[in-house]
Amino acid sequence: MDKFIIEGNTVLKGEVEISGAKNAAVAIIPATLLVNGITTLENVPNISDVKILCEIMKKLGAKISWISEHSLKIDTTHINSTNAPLDMTSKFRASYYLIGALLGRAKRAQVGLPGGCNLGARPIDQHIKGFEALGAEVDVSQGKITATTKKLVGAPIYFDVVSVGATINLILASVLAEGTTVLDNVAKEPHIVDVANFLNSVGADIRGAGTDTIKINGVTALNGNHTYSVVPDQIETGTFMCAAMASHGDILIKNCIPEHMDSLTAKIIEMGGEVDIKDDTIRVKYNNVINPVNIKTAPYPGFPTDLQPQLGVVLSLANGTSIINEGIWESRFQYTAELNKMGAKITAQGTTAIFEGVEKLVAAPIYASDLRAGAALLIAGIIADGETQLYNIHYIDRGYEHIEEKFKKLGAKISRISNYDDYAN
Ligand code: EPU
């Protein structure tokens with residue numbers, strides 16, 4: 001296990017380059033299972049979720065190699081198994097995309113029940129309902145999901161809840177199905193549009209990604225020998241925007257897509273921060289005040305749940321009381337107990353948390369409970385008085401590439417202690 005030791009009181013200043021989006025990459029890599037031949041993916045984040053996914057793809061018979069730091073060459077010509085290794089797939093959430101992709105390719109998929117961050121109940125009933133509507137039989141037992149069919153036939157599918165995973169999984173399962181699939185009440189996140197763009201670039205016929213309804217006309221094959229670049233990471237961009245405000249800093253964020261950030265940009269301006277937007281850069285500058293604001297997380301274009309903890313750090317330092325209402329995950333306030341150890345005044349109950357702003361956070365030993373909580377606590381350590389020890393940083397490594405290097409370039413003082421043993425002495 002690794003931990004971070006963070007010397008605090010840092011005002012973050014300078015430039016940072018955003019990596020490719022985790023939640024797009026972990027869907028596009030399985031999507032290559034639907035392609036005949038070789039796909040080259042560029043701007044792939046070098047993070048642990050991507051590495052595990054590549055290992056799983058290799059076990060299915062794919063040939064995968066990194067041809068540069070951020071480019072993956074994936075050859076799916078010789079896929080020889082539809083059984084994804086259960087121990088590996090149950091380690092992370094996005095393994096559920098292997099079901100849609102294998103079902104689409106081989107009419108059979110067996111995958112361990114997906115794991116991932118502990119954010120509360122994470123059902124997959126909408127994925128299953130969709131696969132069944134396309135003609136698959138789905139069995140969930142003994143910790144695994146098995147989906148089989150003789151053929152997939154397009155169908156109308158109305159989702160009861162707006163789900164990122166179910167939307168992408170049903171796109172994957174239906175691109176090679178016979179006839180037309182219409183997905184209604186879908187999620188509209190930038191990574192959904194990116195998955196559809198990738199599939200269309202290799203010959204799929206998907207229309208309407210980014211709106212409430214997606215129409216997929218099945219095609220007979222997707223053609224490889226194609227290069228595609230993954231979209232920049234919306235959540236990493238927002239993490240640095242929050243870090244600029246929380247640290248009273250000034251950060252120029254490069255290689256991002258500013259319009260993906262509208263909900264956070266609006267809140268930063270409401271808090272009194274300065275935001276300067278150019279084509280693919282956002283500069284966020286603290287302007288001597290953090291006004292309290294209220295937010296409610298919601299599917300895109302609403303405020304992203306995956307930025308709620310990072311904004312929570314900013315609000316713990318606002319000039320007054322703010323309220324956050326979490327609309328997606330019931331257990332997303334675990335980080336507030338850690339911030340309270342650092343002197344924050346946050347009362348979290350159910351899906352609501354009340355933040356009474358304090359002047360300063362102070363260092364404490366703190367524990368990340370999930371990926372985004374980890375990012376938020378890292379920001380808290382960077383700004384707090386004293387030396388913070390941040391544990392469970394393997395969560396952060398799942399989704400942020402070279403995070404300590406990026407923060408160090410902005411002035412943070414962070415050391416990674418690898419394989420520590422706290423009881424050694
Ligand atoms: N839901 C159902 N049934 C389903 C699927 C979802 O009831 O079949 C509910 C969930 O319980 C939740 C809501 O619908 O209340 C939204 O869940 P969604 O399916 O959209 O979430 P997900 O696909 O499991 C992805 C991201 C999460 C992100 C959420 C919401 C990936 C791999 N994960 O999860 O990202 O929080 O969408 O935007 O794309 C992260 O990156 O840190 C992360 C947790």
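Keep in mind that this is a model prediction, so the values were computed, not measured. When reading the values below, keep in mind they use all heavy atoms of this one structure, side chains included, and skip hydrogens, waters and symmetry mates. Count residues from 1 along the sequence. All ligand and atom numbering here is 1-based and tracks the order in the structure.
- The distance from ligand 1 to the heavy atoms of H127 drops below 4.0 Å at these ligand atoms: 8 (O).
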- What do the steps show when you test E132 against K129 for salt bridge (charged side-chain N to carboxylate O under 4.0 Å, His left out), and what is the final call? CA-CA 5 Å; E132 288 175 342; K129 164 178 137 167; over 6 Å; no
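- Residues I253 and T281 are not in side-chain contact: their nearest non-hydrogen atoms beyond the backbone lie 4.5 Å or more apart.
- Residue T239 forms a side-chain hydrogen bond (donor to acceptor under 3.5 Å, both in side chains) with just one option from Q234, R372, Q310, and that option is Q310.
- Judged by the shortest distance from any of its heavy atoms, A187 lies outside the 4.0 Å radius around the atoms of ligand 1.
- The shortest N or O to N or O distance between H191 and ligand 1 is not under 3.5 Å.
- How far CG of N294 is from CZ of F355: 11.0 Å, rounded to the nearest 0.5 Å.
- The only member of E15, E236, E17 that meets salt bridge (charged side-chain N to carboxylate O under 4.0 Å, His left out) when paired with K406 is E236.
- Close approach of ligand 1 to Y96 is summarised as follows: ligand atoms under 4.0 Å from at least one heavy atom of the residue are 22 (P), 23 (O), 24 (O), 34 (O).
- Close approach to L371 involves these atoms of ligand 1, each under 4.0 Å from a residue heavy atom: 42 (O).
- For the residues P123, G302, A375, the heavy atom positioned nearest atom 4 (C) of ligand 1 is part of P123.
- The ligand atoms of ligand 1 that sit less than 4.0 angstrom from a heavy atom of K22 are 40 (C), 41 (O).
- By the 30° and 60° cut-offs, the orientation of the rings of F407 relative to F240 is tilted.
- Taking any N or O of I328, backbone or side chain, at least one lies under 3.5 Å from an N or O belonging to ligand 1.
- A distance of 10.0 Å separates CG in D75 from CE in M57, rounded to the nearest 0.5 Å.
- Close contacts between ligand 1 and Q126 involve ligand atoms 3 (N), 4 (C), 8 (O) [criterion: under 4.0 Å to a heavy atom].
- With no hydrogens or angles considered, a side-chain donor-acceptor pair links N325 and T352 at under 3.5 Å.
- The closest approach between a heavy atom of W329 and any atom of ligand 1 is below 4.0 Å.
- Those atoms of ligand 1 with a heavy atom of I124 less than 4.0 angstrom away are 4 (C), 8 (O).
- Numbered from 1 in the order shown, with element, the atoms of ligand 1 that lie under 4.0 Å from a heavy atom of G165 read 19 (O), 23 (O).
- At a 3.5 angstrom cut-off on N or O pairs, V164 counts as close to ligand 1.
- The shortest N or O to N or O distance between D125 and ligand 1 is below 3.5 Å.
- Listed for the E338 side chain is a donor-acceptor partner under 3.5 Å among the backbone atoms of Y367.
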